[in-house]
Amino acid sequence: MKDVITITFPDGSFQRFPAGITVQEIAVLRNENDGDGVVAGKVNNRLVDLSVPLLEGGALEYVTAESEEGLSILRHSTSHIMAQAVQEVFEGAQVAIGPAIADGFYYDFDYFRPFTVDDLELVEKKMREIINEALPFIREEVDREAAIKLFQDRNEPYKVELIRDFPDEKFSLYRQGSFVDLCRGPHLPSTNSVKSFRLTGVAGAYWRGDERNRMLQRIYGTAFPDEEALNGYLQRLEEAKRRDHRRLGKELGLFSIHEEAGAGLVIYHPRGALLRTILEDFEKREHLKRGYDIVKGPQILKLELWEKSGHLDNYRENMYFTEVDNQKYGLKPMNCLAHMLIYKSSIRSYRDLPLRYFELGTVHRHEKTGVLHGLMRVREFTQDDAHIFCTPAQLKDEIKGIIQFVQEVMGLFDFSYEMELSTRPEKSIGSDEAWENATGALMSVLQENGIPFAVDEGAGAFYGPKIDIKLKDSLGRAWQCATIQCDFTLPERFDLTYVGTDGERHRPVMLHRVILGALERFMGVLIEHFGGAFPFWLAPVQMIIIPIAERHHAYADEVYQKAKMKKFRVEKDYRNEKLGFRIREAQLKKIPYMLIIGDREVDSCGIAPRTREGKDLECQNVEDFLGAIQSERKVFGEEVI
RNA sequence: GCCAGCGUAGCUCAGCGGUAGAGCAACUGAUUCGUAAUCAGUAGGUCGGUGGUUCAAUCCCACUCGCUGGCUCCA
């Protein structure tokens, strides 16, 4: 063993220390620890506790609570403190797992009764006590047998199960006070390194995420380096509430969902229906431009057809059924069947392919009650669905074309997103070979085009693997929108063929794909993304005319007519209210332009526009203004009316 | 579907054993106003639904419908 070790620091400098010096001690020597900001070290790029003694030289850097890794350590340690508190307050509560997550942490417990929101206060109080005790987090390593015995003795069956399922022979433990947890670490040096935390909620959660298992009680919380950062986070949550599409849907008069009509069934009000119509028109135009044919299938199809497609076996619990003239029907949960029948209605030649059938198809899916959520998760929705039938040789080009389509559209709406490749799920149909082909095709297009993607094992559709694009709502929750699904199986089941150059019949490949996904969900995400302040071309109301007094109404009518003639979506507010009041209301309705008309404007034959951002534009000629904003309704270079 | 919380006027919410209140909105009147809320008055509720306990239920209990946050599942 060396006596002296050499440590290099991120700035390139190095320094010698006696072997066995701890990361913490070096920090003190180098004044790294003032402000308590340092929560862990990173030796040769591996996160370690500050208390770890260094026996070998290497690269050392410090992790502060401000960094992503540091924040995660802070939160993870806070979850241990919470677990200790819960066990002290609720005797007999057993611990399961308690990781740091995106905005905080949680810990799962098994207790004879569920925790309530009121219990959180008791836990928070106990946590503060534990923090004040300044208990050190102490790491130790034990072998498998000792770890199992320890947790058996402590009556922690979940920990024992975890240890049994890990292949490792050595296990690290972290102790603080009387509490001990199985944990990889690293952790803060002491409980009093936690400065600002908040418990945010309770929820049930299945042990190991499997609904066949027992439901545990999960407590969520978050922690920050200081009170200011915590308050900032809580404020961001408040702001997110103001962008909530359910709230804006009501405030902007877009849609409603009624208990008496049914859960998960959206009712569109005039402005919401208009917004949706604009999106639908946009979709039809863009699909026709890209070589798709618009088709339309029926809402119900005979049960035998769903049996043939495999939906009955794999999707039955999500389907609605009905019976007409002694004949059973299934209400469509997907649009593919009719498209298959269109394909089969005639003999297809390789010269016909690819065939791209597009449908704004309304589908019904029986979603479990607990998952319904505003527009994001509903029971009746309309997809911008298409099915592409092509030769195996055309497959990759088709996938590439769809990805480009998605990229253009997401760019237009200014969404950031990541692509995700989902592979074969447990419940699925088709041969291994077909799945490998399909998965390989999707993956190679992503790779060849240098598109970064994550892999989600086992998350494919029952008939094939897929590439998904998830968009985030105001709270950062991801919702799947666009998806590209490769299917070698349905063409087989329906015996789809085309005649090739050799005069023989061949099997086409099929792609299922959506760009926006479900219009309902997309609108939900869109509303939150723009906070209701839609781009001009999408705004259900593009401008509102606000005359100052009654004597300006006649002139205001002229302006209104002029805007109408140019096909702008214009409204007028002639209410007997002060200007400031009506401006405020128009602003809350997120109307892009307010056209103010008073004596000055009438005299100079103009209008005084004001933007919803609160910017006053100079008094100007009506025609000039309308001409100027025509460019704002251009989408992909085309004016959208 | 599971866990927890919640359903009171159009909206946001207070009240919690003795059958209901506020602000905003609505309506009426006055005010005709220059860039984010003019003033006054009026009206509005089988307290989500169905049962039960009680002399008495918006309040307690059960069931049910719906909503919210999670879990599982999914566009």
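All values below were derived from every heavy atom in this structure, side-chain atoms included, with hydrogens, water molecules and symmetry-related copies excluded. Sequence lines set the chain letters: A, B, ... in the order given, protein chains first and strands last, and positions in each chain run from 1.
- Using a 4.0 Å heavy-atom cutoff across all strands shown, A/Lys466 reaches sugar-phosphate atoms only and no base atom.
- Distances shown here put every side-chain N or O of A/Arg582 at or beyond 4.0 Å from the OP1 or OP2 atom of B/A37.
- For a distance-only test at 3.5 Å, the side chain of A/Gln587 fails to qualify as a donor-acceptor partner of the base of B/A37.
- For B/G1, one of the phosphate oxygens OP1 or OP2 lies less than 4.0 angstrom from a side-chain nitrogen or oxygen of A/Thr369.
- In a base pair of the Watson-Crick type (N1 to N3 plus N6-O4 or O6-N4) or a G-U wobble (N1-O2 and O6-N3), with each distance short of 3.5 Å, B/C6 is matched with B/G66.
- Residue side chain A/Phe381 meets the stacking definition with respect to B/A75: its ring centre sits within less than 5.5 angstrom of the base's six-membered ring centre, and the planes differ by less than 30 degrees.
- Near RNA chain B, defined here as any heavy-atom distance below 4.0 Å, the residues from residues 208-224 of chain A are A/Gly209, A/Glu211, A/Met215, A/Gln217, A/Arg218, A/Tyr220, listed numerically.
- Taking only side-chain nitrogens and oxygens, A/His512 never comes nearer than 4.0 Å to OP1 or OP2 of B/A75.
- Taking the ring centroids of A/Phe405 and A/His287, they lie under the 6.0 Å cut-off.
- The interatomic distance linking A/Glu577 (CD) with B/U28 (P) rounds to 13 Å, in whole Å.
- Comparing atom distances between the A/Ile583 side chain and each of B/U32, B/A4, B/A36 picks out B/A36 as nearest.
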Validation: residues 588-595 of chain A side-chain donor-acceptor distances under 3.5 Å, sequence neighbours left out:
| unit_1 | atom_1 | unit_2 | atom_2 | d |
| --- | --- | --- | --- | --- |
| A/Lys589 | NZ | A/Glu251 | O | 2.9 |
| A/Tyr593 | OH | A/Glu632 | OE1 | 3.4 |
| A/Tyr593 | OH | A/Glu632 | OE2 | 2.3 |

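- The side chain of A/Lys250 places an N or O atom within less than 4.0 Å of a non-bridging phosphate oxygen (OP1 or OP2) of B/U12.
- At least one side-chain nitrogen or oxygen of A/Arg246 sits closer than 4.0 Å to the OP1 or OP2 atom of B/U68.
- Remark: side-chain polar atoms of A/His529 are paired, donor with acceptor, to backbone N or O of A/Asp414 under 3.5 angstrom.
- Taking only side-chain nitrogens and oxygens, A/Arg477 comes nearer than 4.0 Å to OP1 or OP2 of B/G69.
- Using a 4.0 Å heavy-atom cutoff across all strands shown, A/Gly370 reaches at least one base atom of the nucleic acid.
- Ionic pairing of A/Glu571 and A/Arg271 is present here: one or more N-O contacts between side-chain nitrogen and carboxylate oxygen are shorter than 4.0 angstrom.
- Listed for the A/His552 side chain is a donor-acceptor partner under 3.5 Å among the backbone atoms of A/Asp599.
- One finds a salt bridge joining A/Glu317 and A/Lys427 here, because a Lys/Arg side-chain nitrogen approaches an Asp/Glu carboxylate oxygen to under 4.0 Å.
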